Amino acid sequence: MALPDDFLLQLKQNNPIESVMGSYVQMKRSGRDYVCLCPFHSEKTPSCHVNIADQYFYCFGCHAGGDVITFVMKQENLEYMEAVRFLAQRAGMSMPEDSQNTDSSKLKRRILEMNRLAARFYNNLLMKEKAGEKGRLYFRSRELSVKAIVKYGLGYAPDDWTPLTSYLKGEGYTENEIVAANLARTGRNGGIYDSFRDRVIFPIIDLRGNVVAFGGRIIDGEEPKYLNSSDTPVFKKSRNLFSMNFAKRSDERRLILAEGYMDVIAVNQAGFENVVATLGTALTSEQARLMAQYADEVIISYDSDNAGQNATHRAIDLLSQAGVRTRIIKMEGAKDPDEYIKKFGALRFKQLLDNSDGAINFELAKCAEGLDITADTGRVEYLKRCANVIAGISSSIERDIYISRLAKEQDISKDAISEQVNRQIKRTSRNSYSKEWNDIRTFSSAVKEDPEAVRHPKEYRAERGIIAYLALHPDDLEYIKGELLPDMFVSEFDRRVFVKLTEGMEKSPNFGIMSLQGEFSADEMGKITSILSSTKDIELNRCAADDFIEVLKSYYNKSRETLSPSEMSDEQFRQLADAMKNKKG
């Protein structure tokens, strides 16, 4: 559906991009504008710039960009109309009549409705005297309070094949919709059956309060302990965190990362709101970036077994890449936070948090694994591993502290360790420089996608200059259209941008380059935004526009001379015929 220009204009005015982005990432002033860590890739130095005057963002690292609608689409994994509705609700605006919803938008809405009904269905069963007795006994054995059960909307799926499926069918949902929501699965005979059976249920709720998926824990039996919803149109396992909807309310810029649902609920029940967990998988870079939006520090509280320690190591790497400090809880006398709190209480757990060790000490301790450090070869390897860890510390003061401590501990020259650390830093620096140089040589991801940028760099820059000029000088639309044809553009993508931009500007005086949002994908809007960012330091006046036009015309005329009539477009053939007619005359 085409939305009215005045509605979109008001929508963006009521949702300033710096305000919307500021609710997801920490923004820092940079002159008139803002910079921030990009939420779409891991980085330690801010490369995402927010232009306040023109209300767009652009990341020079991953080349994501666009207006406030694009940002919400990418951040919330929404389609265009869904992002518009999201922003309209945020601003308290009513949507124009929408009778042409896309099929995918309808399905997402239906799945969210089904999930809400399913969560209520499971919770009601848990509370029923006979049907939910098994579930209640389990939660009671784990010492969960009624308050915690209500807060998390916990439930119970009975040991039966189709109770939820039958209920949802009765509410008007089709079998295809129920399977698409991953609430049921297709059997060998073509029928469907409930995905969760004889399990306690943990609803997974996103940052907007929607039930997007479920986790189910078996109470007894031989099946896998946990069963989690697969990815659906409304849920991506790698992008969500259990209990983040509660943790985001915490005043602390600190999160506790636990390993499972029960650990999270036990820690939350003990008075710590800022606790989250992954959803049955190892931590992902997307989840690390999500945590970076709400925390400067993450305390990892994984199980003390080997699997938990390996998961801790991976989490440290990912959180470090996302620019988050990490600390590690060392639990003695308990294997996980749930057991620790039951044994020693909430106060001791708080002391554990406050006295948790830094990630560097954890990594240094791991350096000795599998080595006999009483032997010379083992000791040398241990020192090399430790030097690699210390080389990753950005602060020279911190590095010196750890070098001094290691030298004293191993009774070895501090200079020898410093030399090894510096050698590793130089090696890492060379690798980083090499990567940056490769990125420069590839002329950014936009060039990789558009070979014309390599084949015709001069013309490519000129056509991008024209698009940027039009965006800044809409009053010159007729002049530019009178001088240039779409066929004069060497890049198919830029040609499409030029056509859609000029068509839109002819129809409405309020149409600007960011109004192309409805015609282009979120990734394509990043490429369009890169045009504005790459030309912002150029003086885009009429003289510059004429230079761009001359470059494109010159190449176009030369290339046309080498074409046979069969290779020409209709417009090129018409121009050639007119030229020949004038010549004869």
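Along the sequence shown, residues are numbered consecutively beginning with 1. All of these numbers come straight from a predicted model, not from anything done at the bench.
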Between [X] and [Y] (salt bridge meaning N to carboxylate O under 4.0 Å), is one present in this structure?
| X | Y | value |
| --- | --- | --- |
| Arg109 | Glu82 | no |
| Arg185 | Asp194 | no |
| Arg208 | Glu76 | yes |
| Lys169 | Glu177 | no |

Between [Y] and [X], do the side chains contain a donor N or O and an acceptor N or O under 3.5 Å apart?
| X | Y | answer |
| --- | --- | --- |
| Glu43 | Ser47 | yes |
| Glu286 | Ser238 | yes |
| Arg253 | Gln26 | yes |
| Tyr173 | Glu113 | yes |
| Tyr469 | Asp476 | yes |
| Arg464 | Ser491 | no |
| His473 | Tyr479 | no |
| Ser243 | Tyr152 | yes |
| Ser19 | Arg90 | yes |
| Thr70 | Asp67 | yes |

Could you walk me through whether Tyr555 and Val490 satisfy the side chain to side chain contact (heavy atoms under 4.5 Å, CB included) test, starting with their C-alpha distance in whole Å, then the side-chain angles of each, then the deciding distance to 0.1 Å, before giving a yes or no? CA-CA 9 Å; Tyr555 176 79; Val490 298; 3.7 Å; yes
Below 4.5 Å, heavy atoms only, C-beta onward: do [X] and [Y] meet side chain to side chain?
| X | Y | result |
| --- | --- | --- |
| Lys28 | Cys36 | no |
| Tyr56 | Val68 | no |
| Asn274 | Tyr294 | no |
| Asn240 | Leu207 | no |
| Ile17 | Phe57 | yes |
| Leu164 | Phe196 | no |
| Glu463 | Phe548 | no |
| Ile480 | Ile466 | yes |

Quick one, Ile69 with Val84, criterion side chain to side chain contact (heavy atoms under 4.5 Å, CB included). Give me CA distance, side-chain angles, the key distance, then yes/no. CA-CA 7 Å; Ile69 301 175; Val84 170; 4.1 Å; yes
Over all heavy atoms of both residues, which pair between [X] and [Y] is shortest? Give the atoms and the distance, please.
| X | Y | value |
| --- | --- | --- |
| Leu87 | Val72 | CD2-CG2, 3.8 Å |
| Leu255 | Ala247 | CD2-CB, 3.8 Å |
| Ala471 | Leu532 | CB-CD2, 4.1 Å |
| Ala322 | Leu37 | O-CD1, 4.1 Å |

Starting at CZ of Arg120, measure out to CG of Asn115 and round the result to the nearest 0.5 Å.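 If we round to the nearest 0.5 Å, Arg120:CZ and Asn115:CG are 12.5 Å apart.
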Atom CG in Leu112, atom CZ in Phe235: separation rounded to 0.5 Å?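 So the CG of Leu112 and the CZ of Phe235 are separated by 12.5 Å.
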So does [Y] get a backbone contact from the side chain of [X], meaning a donor-acceptor N/O pair under 3.5 Å?
| X | Y | result |
| --- | --- | --- |
| Asn210 | Val212 | no |
| Ser195 | Ala184 | yes |
| Thr326 | Ile316 | no |
| Ser30 | Asp33 | no |
| Gln321 | Leu318 | no |
| Arg314 | Leu283 | yes |

So, is the end of the Lys527 side chain (NZ or CZ) under 6.0 Å from the ring centre of Phe493 and within 45° of the ring's axis?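 Cation-pi check for Lys527 and Phe493: passes.
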Counting only heavy atoms from other residues, nucleotides and ligands, does the tally under 6.0 Å from CZ of Arg29 exceed 12?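 Yes, CZ of Arg29 has more than 12 neighbouring heavy atoms, counting only those of other groups under 6.0 Å.
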Partner set under side chain to side chain contact (heavy atoms under 4.5 Å, CB included) for Ile205, not counting sequence neighbours: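 Partners of Ile205 by the side chain to side chain contact (heavy atoms under 4.5 Å, CB included) criterion, ordered by chain and then number, come out as Val211, Asn245.
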Testing Gln13, Lys12, Glu18 for side chain to side chain donor-acceptor pair (under 3.5 Å) with Gln55, which one passes?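 It is Glu18, the one option of Gln13, Lys12, Glu18 that forms the side chain to side chain donor-acceptor pair (under 3.5 Å) with Gln55.
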Show your working on salt bridge (Lys or Arg N to Asp or Glu O under 4.0 Å) between Arg496 and Glu519 and close with a plain yes or no. CA-CA 10 Å; Arg496 187 156 66 98; Glu519 298 280 351; over 6 Å; no
Any ring-ring contact (aromatic ring centres under 6.0 Å, His included) involving residues 19-53? Give me the pairs, sequence neighbours left out, ordered by first then second residue.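 ring-ring contact (aromatic ring centres under 6.0 Å, His included) check on residues 19-53 returns Tyr24-Phe71, Phe40-Phe71, His49-Phe60.
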For Leu241 and Leu279: C-alpha separation, side-chain torsions, deciding distance, then whether side chain to side chain contact (heavy atoms under 4.5 Å, CB included) applies. CA-CA 6 Å; Leu241 288 162; Leu279 304 168; over 6 Å; no
Parallel, tilted or perpendicular: rings of Phe121 and Tyr167 (30°, 60°):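 Rings of Tyr167 and Phe121: parallel, as their planes differ by under 30°.
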Criterion side chain to side chain contact (heavy atoms under 4.5 Å, CB included) on Glu297 and Glu252, from CA distance to verdict: CA-CA 9 Å; Glu297 180 180 81; Glu252 295 185 69; over 6 Å; no
